[in-house]
Number of protein chains: 2
Amino acid sequence: MPVIRRQAAASSLPQVKDVARLARVSTATVSRVLSGIGGVSENLVLRVRRAAERLNYAPNRAARSLRVRRAQSIGIIVPDIENPFFTSVMCGADGVLQDAGYTMIVANLDENPEREQVHLNTIRGEGVAGVIFTPTIAQAADYRTLQDCGVPLVAVSRRPHNLNVDFVGVTNEDGSKEAVEHLIALGHRRIAFVGGAAKVSSTQDRLAGYRRAMAEAGFDADSDLILFGDLRQSGGYEAMLRILELPQQPTAIFSGTNFTTLGLLRAIHEKGIRIPEEMAMVGFDDMPWAGSLQPPLTSVAQPTNEIGRVAAQLLLARLRDPKRPLEEVTLPTTLIVRASCGATRHLDMVRSRK
Amino acid sequence: MPVIRRQAAASSLPQVKDVARLARVSTATVSRVLSGIGGVSENLVLRVRRAAERLNYAPNRAARSLRVRRAQSIGIIVPDIENPFFTSVMCGADGVLQDAGYTMIVANLDENPEREQVHLNTIRGEGVAGVIFTPTIAQAADYRTLQDCGVPLVAVSRRPHNLNVDFVGVTNEDGSKEAVEHLIALGHRRIAFVGGAAKVSSTQDRLAGYRRAMAEAGFDADSDLILFGDLRQSGGYEAMLRILELPQQPTAIFSGTNFTTLGLLRAIHEKGIRIPEEMAMVGFDDMPWAGSLQPPLTSVAQPTNEIGRVAAQLLLARLRDPKRPLEEVTLPTTLIVRASCGATRHLDMVRSRK
DNA sequence: ATGAAAGCGCTAACAT
DNA sequence: ATGTTAGCGCTTTCAT
């Protein structure tokens, strides 16, 4: 015998069947019109469109996701949502994704790797159509679980280990080399490298650029002068304190990432060290306010918005054609010369410190 | 007669029924255990938990959303995802929401009000459990559509017009007054106010604080000295150019929002004006690098993370109890004195410019 | 070109 | 305390 059920409260939202009734067509036709499949007479298309508009119809995305077994959303996993590099990347991706009708589910790891697993499970449960992420420390297996569900992944900024994914990066090594060569051209010989997280590919590539520049100039890359912080300001701050305790000080510092640079600056200001006279400086990552820093920062700028845009485009391309070959895009960096490197001063002044 | 249907490809994801089978219970029991309703024997709870873990089960959130007619996600609508104020708020909200099992759907208006309507429709379609937003220009009706669907709203930073929602703000007026009084105490009489977007409540409150400080000190608030930019650096930059064309220059500027401050600074640096000697400055909004700016910026700091946290908590509270009275939380600002206001110099030097 | 209806995976009402 | 099963709103197959 049939079970008697309480009727759920009618949704205040219009549904396909409301649109269908108003347009005097079937729900199938409404769906066909609104998803733009085609194969519907012009007449009905018009009626359906009008009805949908009249009712201010917004399709229930959960129902759609359930039916097509894939959500119209993509997950963005960022190590730190407060880092301007990542927000700028997100902003670039957002524009592209929004135009394609995707929503953006943002997972902030907040430099807290335990969160990664939780987030990945949630994202798997969301049935997102794809994921844009920046690899943190150890995870390949977790991301592979997503891949096994057929969710395409695009890595940004850091090259993931043991994971076949599309990738968007920049000329980390050449950009760093150019920056260090610039310092060398200004007369510096003892140049420190302060990287962000030591193990990520971007840091290693930037270190490689530093080493190449030093080697080609015939200078020692004194291992005392190679330090690592993390991705917060504190890492740079502490690195600077360590540098100040060195028996033989560098005359210049190349900083491998934005927050490290800010941390270094903070320590330098606290100690009253003058830039660039006592310490010259170039930092990887430009920031919208880099020109208003004390002093204006010479930096290696990444095309951050473009990185996000390309990442989103790669994802959409793969959604369209899952079989396409893996793609790896490397975008160019730009050395922006401001005052912190000392390029605007006489070389003698820079060198006088030795 | 029954219609023959093509079987959809079996999902590679485990489902409730897989967990149920493995645990030798019904799907209802699995659901009860995993959603923590209670009323299940300890024995079965254990078996279900174990089975779910073994299968690495992640519930299909779309199916759940469809069934309970509400997603486990909340929408965050921000005017500009690249503005550190909003990212910091998002970060605070994220922590709370994540712990409560919600995902965060981020909609970036990118200062583009047309996008707002599109985003609101999408968010309505997502069936989010709630929305945290910062009102932009004109919208009340659009947001009301959401409210009519029973989606609770929390406004952040700017008070929305004609909309009954929970609200998290800061002591804009008192914070600004304190900042301007600080400048007055340093001997300034001609103090300019450069606000962000003129029409939003936060700008107006900050202007009110400026006016009160000036009035109480018995100074004119010369209307020439009250300017507005927008929420990008360019607004501040252009405002500074206008200030420089004034017949009688101010000796100090109080800037109403972070990007405006950076824009002002950029113009000031370009013109080679010395801060604070030729122009003293205090800005609303602290930034993690405010101490590394040129010169270190005296600012009115908002507890940005806390704002986000409180917003999320208000939302969760209302989800628990939709009937609770509307709440309005005002968090305190803090004046952080650094060098840009000239507090570290002699008064005579500041005043000497007149 | 259009419509009827099954079924996506979950939850909760109802039955036991 | 546990199980059975309808149905959330959509898309899509199949039938016409």
Side-chain angles (χ1 to χ4, degrees), chain A residues 1-21 23-48 52 55 57-72 124-127 149, chain B residues 1-21 23-48 52 55 57-72 124-127 149:
Chain A
M1 77 234 76
V3 182
I4 293 140
R5 263 139 222 296
R6 199 181 52 123
Q7 187 69 25
S11 167
S12 52
L13 284 160
Q15 312 188 353
V16 255
K17 66 169 173 238
D18 299 316
V19 179
R21 196 181 310 122
R24 286 165 297 131
V25 297
S26 72
T27 59
T29 300
V30 172
S31 176
R32 281 193 274 255
V33 170
L34 297 183
S35 49
I37 302 289
V40 181
S41 70
E42 217 175 302
N43 178 23
L44 289 195
V45 169
L46 214 71
R47 253 157 62 194
V48 168
L55 294 174
Y57 172 68
N60 180 318
R61 293 170 74 96
R64 177 178 205 288
S65 301
L66 183 58
R67 179 62 232 231
V68 308
R69 310 173 71 118
R70 193 102 295 174
Q72 278 277 103
R124 188 156 51 94
E126 285 282 357
C149 301
Chain B
M1 80 233 74
V3 181
I4 293 138
R5 263 138 223 297
R6 199 181 52 125
Q7 188 67 25
S11 166
S12 53
L13 284 160
Q15 310 188 354
V16 253
K17 66 170 173 240
D18 299 317
V19 179
R21 194 180 314 120
R24 286 165 297 131
V25 297
S26 72
T27 59
T29 299
V30 173
S31 176
R32 280 192 277 254
V33 169
L34 297 183
S35 50
I37 302 289
V40 181
S41 70
E42 214 173 304
N43 179 24
L44 290 195
V45 169
L46 214 71
R47 252 157 62 194
V48 169
L55 295 173
Y57 172 68
N60 180 320
R61 293 170 75 96
R64 176 177 206 287
S65 300
L66 182 59
R67 177 64 231 229
V68 308
R69 311 174 68 119
R70 195 101 294 175
Q72 277 279 102
R124 186 156 53 93
E126 285 282 356
C149 301

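Hydrogens, waters and symmetry mates are skipped; everything else that's a heavy atom, side chains included, is used. A, B, ... follow the sequence lines: proteins, then strands. Residue 1 opens every chain. Here the structure is a predicted model, which means the values were calculated and not measured.
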Given [options], identify the nucleotide with an atom nearest to the side chain of [X].
X: A:Val16; options: D:dC10, C:dA4, C:dA13; result: D:dC10
X: A:Val68; options: C:dG9, D:dT11, C:dT11; result: D:dT11
X: B:Arg32; options: D:dT2, D:dC10, C:dA5; result: D:dT2
X: A:Ala63; options: D:dG9, C:dT11, C:dC10; result: D:dG9
X: A:Arg69; options: C:dC8, D:dT4, D:dG9; result: C:dC8
X: B:Ala28; options: C:dA4, C:dT11, D:dG3; result: D:dG3
X: A:Val40; options: C:dT2, C:dA12, D:dT12; result: C:dT2

Strictly below 4.0 Å: does [X] bring a side-chain N or O up to OP1 or OP2 of [N]?
X: A:Tyr57; N: D:dG9; answer: no
X: B:Thr29; N: D:dG3; answer: yes
X: A:Thr27; N: D:dC10; answer: no

Starting from [atom2] on [N], measure out to [atom1] on [X] and report it in whole angstrom.
X: B:Leu66; N: C:dG9; atom1: CG; atom2: P; value: 12 Å
X: B:Ile37; N: D:dT2; atom1: CD1; atom2: C1'; value: 15 Å
X: A:Lys17; N: D:dT11; atom1: NZ; atom2: C1'; value: 15 Å
X: B:Leu55; N: C:dG9; atom1: CG; atom2: P; value: 15 Å
X: B:Arg67; N: D:dT5; atom1: CZ; atom2: P; value: 15 Å
X: B:Gln72; N: C:dC10; atom1: CD; atom2: P; value: 14 Å
X: A:Arg61; N: D:dC8; atom1: CZ; atom2: C1'; value: 18 Å
X: B:Glu42; N: D:dA1; atom1: CD; atom2: P; value: 12 Å

Hey, which of these two, A:Val30 or B:Gly39, hits DNA chain D nearer its 5' end, going by closest nucleotide?
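Closest to the 5' end, via its nearest nucleotide, is B:Gly39.
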My understanding is that only residues two or more places apart in sequence, or in another chain, count here; which of them pass salt bridge (Lys or Arg N to Asp or Glu O under 4.0 Å) with B:Arg61?
A:Glu126
Backbone of [Y] reached by a side-chain donor or acceptor of [X] within 3.5 Å:
X: A:Ser31; Y: A:Thr27; result: no
X: B:Arg32; Y: B:Ile37; result: no
X: A:Arg70; Y: A:Ser65; result: no

What nucleic acid atoms does A:Ser41 come within less than 4.0 Å of, heavy atoms only: base, sugar-phosphate, or nothing?
sugar-phosphate
Under 4.0 angstrom, heavy atoms only, what part of the nucleic acid is A:Leu44 near: base, sugar-phosphate, or nothing?
sugar-phosphate
Between CG on residue B:Leu55 and CG on residue B:Leu13, distance to nearest 0.5 Å
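Answer rounded to 0.5 Å: 11.0 Å.
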Nearest 0.5 Å, please: how far is CG in B:Leu44 from CZ in B:Arg24?
9.5 Å
Within the structure provided, determine whether B:Asn60 and B:Gln15 are in side-chain contact (heavy-atom separation under 4.5 Å).
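A side-chain contact is absent here, since even the closest heavy-atom pair is not under 4.5 Å.
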Base-paired stretches in DNA chain D with three or more consecutive Watson-Crick or G-U pairs, both distances under 3.5 Å, amount to C:1-16 with D:1-16
I'd like to know whether A:Val30 forms a side chain to side chain contact (heavy atoms under 4.5 Å, CB included) with A:Val25, so could you lay out the CA-CA distance, the side-chain angles of the two residues, the decisive distance to 0.1 Å, and finally the verdict.
CA-CA 7 Å; A:Val30 172; A:Val25 297; 3.8 Å; yes
